[in-house]
There are 2 protein chains.
Amino acid sequence: MAKGITRERIVAAALDLLNDKGMDALTVRALASRLGVGAPALYWHVRNKQELLDEMSTFVMRRVTDALSEIAPSAGWRDDVAAYGRVLRSEYLRHRDGARIFSGTRFSDPDVVKAKERWLERLTGAGFSLAEADDTLDLVTAFVVGFVIEEQERGQSGGGDPDRYSLAERDAWLGEGAELVKAAGHLRDDGDQRFERQLGVVLDGLAARLP
Amino acid sequence: MAKGITRERIVAAALDLLNDKGMDALTVRALASRLGVGAPALYWHVRNKQELLDEMSTFVMRRVTDALSEIAPSAGWRDDVAAYGRVLRSEYLRHRDGARIFSGTRFSDPDVVKAKERWLERLTGAGFSLAEADDTLDLVTAFVVGFVIEEQERGQSGGGDPDRYSLAERDAWLGEGAELVKAAGHLRDDGDQRFERQLGVVLDGLAARLP
DNA sequence: ACCTGAACACCGTTCAAGT
DNA sequence: ACCTGAACACCGTTCAAGT
C-alpha cells in the first residue's frame, strides 16, 4: 500500500523520522517501514545511506536559500546580514540536531552554492570588498552554526540526564568555587534574546570594518 | 598481551583510532583489537559506547582548560579572549572532526565547567558585566566551533570526492552566473589568516560594548 | 521499472564461564 | 578483579527472483 516511493518522498520521510526519533534511530530499515516497503527497496532510488544523508543536507540547505531569497533587500547591509543569520538559525532549528548534522556538509546541488552570489552582490554593493564580503558570510555562518549546536544540545538533551540543566541541581553539581558560573547560569535568558544580542555584537564588529 | 587495560588507556586509544580511521571506524571491536583484548573486555571498564564517547569529550575539554589556564593573563581582555579562541581552535584541530564531535557535549567532570570561573573573573574585572562576560565566552566559543567545523570538513574531506575543492573543477561545477562566488573562491587564503581576521571582527564587536 | 526474500558481514551488548 | 567465547538482536548492503 501507499507505493510509488520516490526520491523526494524518501528524503521527506527521513527528515520526519530524524525529528521524531533522533539520529541514532534514523536507520534504513526504520525508514523503509515508515514508507511501507522493505529495506532493499530504498536502494533502487538511492545509492546508499550516505547519499541519502547528502540528499537530506541539500534539501535543508535549499530551504535555507529559498527562505533567504524571499528576503527583500532592506535599507542597509546590517539588516540584510541580520536576516541572513536569523533565517539560517530558524531553518537549523526546524530539525533535531539540525546545526550539528547539516552544517559544513558538501552540497550536491550547484544552485545552493550559487545562491551565495546574491549576497556577495549586496555586500560588495554596500561597500565591502569581495574578500570582506566573503569573510562576513563565513563569520555569520560560523557563529550561527556554533550557537545553534549549543542551543539544540541543551534543548532536547533528552533521555539519560533530564535535569542536568535544572539550575538547582547544576549549582549543587558545580560545588564550591564557581560562584560567577552559577550566577551567570541564573542570569541566562531566552535563546532568542541571547541570539539577538550576540548577533548584534558580530554586526558591530563588521560595521567597524567599513569606512 | 599488553594487558592492564585501564579507562585512560581506552580513551587514549579511542582518540588515536578516531584520528587514524575516522568516526565511522571507531567501533568497539576495532578499539578492543587495538588494545589487544576482546570486545567484551571493554565493558568491564566502560558502561557502554556512549559513556566512552562522553569520556573522550571530557578528555578533550580538559586539555582545552589545561591549555587555557596556562595562559598568563595579559595586558588586556582583548588578548585574553583572542588567546581563548586560538586555544579552543587548536585543540579541536588536533582531532579529526574534533569541532563537530566534541562541541556542545555535556561534561562529566565539574572541573571542566568550573574553569570558566577564571575567565568570568578576568572579563568582569575588565569592565564587562557578568551577563556580557557570559555572552562574550559563548559568542567566541560559537564562532570557533562553527569556523573549525567548516575548516575540518573542507580539509580532510577524504574518500568520495577528492577534488570537489580544487578551484578549476569547482568553477566548472558552478557554471554560469556565479562570478563573485568563483572570484571569492580564488581569493580565499590560509585558514590561520581567515581565522585571525574573523576573530578580529568579533573582538571589535565586543570592544564596541565597552565604555 | 520497481520491489521482495533471503542472505552476508558487521555492529553494540550480554552473560556464563574461565583465571 | 578482569577477561574470553559464544550468542542475540540489529545494522547497511547485495542479489537473485518476482511482477
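Chain letters run A, B, ... following the sequence lines, proteins first, then strands; residues in each count from 1.
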To the nearest angstrom, how far is B/R9 atom CZ from D/dC2 atom P? 14 Å
Going by purine N1 to pyrimidine N3 plus the second Watson-Crick contact, or the G-U wobble pair, all under 3.5 Å, which nucleotide sits opposite C/dC10? none
Separation of C/dT14 C1' from B/K49 NZ (nearest whole Å): 17 Å
A/W44 has its side chain closest, among D/dT13, C/dC2, C/dT4, to C/dC2
5'-most contact on DNA chain D (nearest-nucleotide basis), A/R47 vs B/G38, goes to B/G38
Do B/R89's NZ or CZ and the ring of B/F147 fall within the cation-pi criteria of under 6.0 Å and 45°? no
A/A41 side-chain proximity, nearest of C/dC3, D/dG12, D/dT4: C/dC3
More than 12 heavy atoms of other residues, nucleotides or ligands under 6.0 Å from CZ of B/R188: yes or no? yes
I need the CG-C1' distance between B/L26 and C/dC11, as an integer number of Å. 12 Å
Go through the steps for B/E51 and B/R7 under the test salt bridge (Lys or Arg N to Asp or Glu O under 4.0 Å), then give the verdict. CA-CA 11 Å; B/E51 185 175 287; B/R7 228 155 186 281; 2.5 Å; yes
Please tell me which of the listed nucleotides, C/dC3, D/dT4, D/dC11, lies nearest to the side chain of A/I5? C/dC3
Could you tell me whether the phosphate oxygens of D/dC3, OP1 or OP2, come under 4.0 Å of any side-chain nitrogen or oxygen in B/H45? yes
Expressed as a whole number of angstroms, how long is the span from B/L35:CG to D/dC2:P? 15 Å
A/R197, CZ atom: more than 12 neighbouring heavy atoms under 6.0 Å: yes
Would you kindly give the CD-to-P distance between B/Q50 and C/dC11, to the nearest whole Å? 18 Å
B/Y43 side chain: which of D/dT4, C/dG12, C/dT4 is closest? C/dG12
Which base, if any, makes a Watson-Crick or G-U wobble pair with D/dT4, both distances under 3.5 Å? C/dA16
Would you say a side-chain N or O of A/T27 is under 4.0 Å from OP1 or OP2 of D/dG12? yes
Give the nucleotide from the list C/dC11, C/dT4, C/dA7 with an atom nearest to the side chain of A/P40. C/dT4
Rounding to a whole Å, what distance do you find between A/I10:CD1 and D/dG12:C1'? 15 Å
Over how many whole Å does the gap from A/R29 atom CZ to C/dA7 atom P extend? 14 Å
Separation of B/L31 atom CG from C/dT13 atom P, in whole Å? 12 Å
Quiz item: cation-pi between A/R170 and A/W173, 6.0 Å / 45°: no
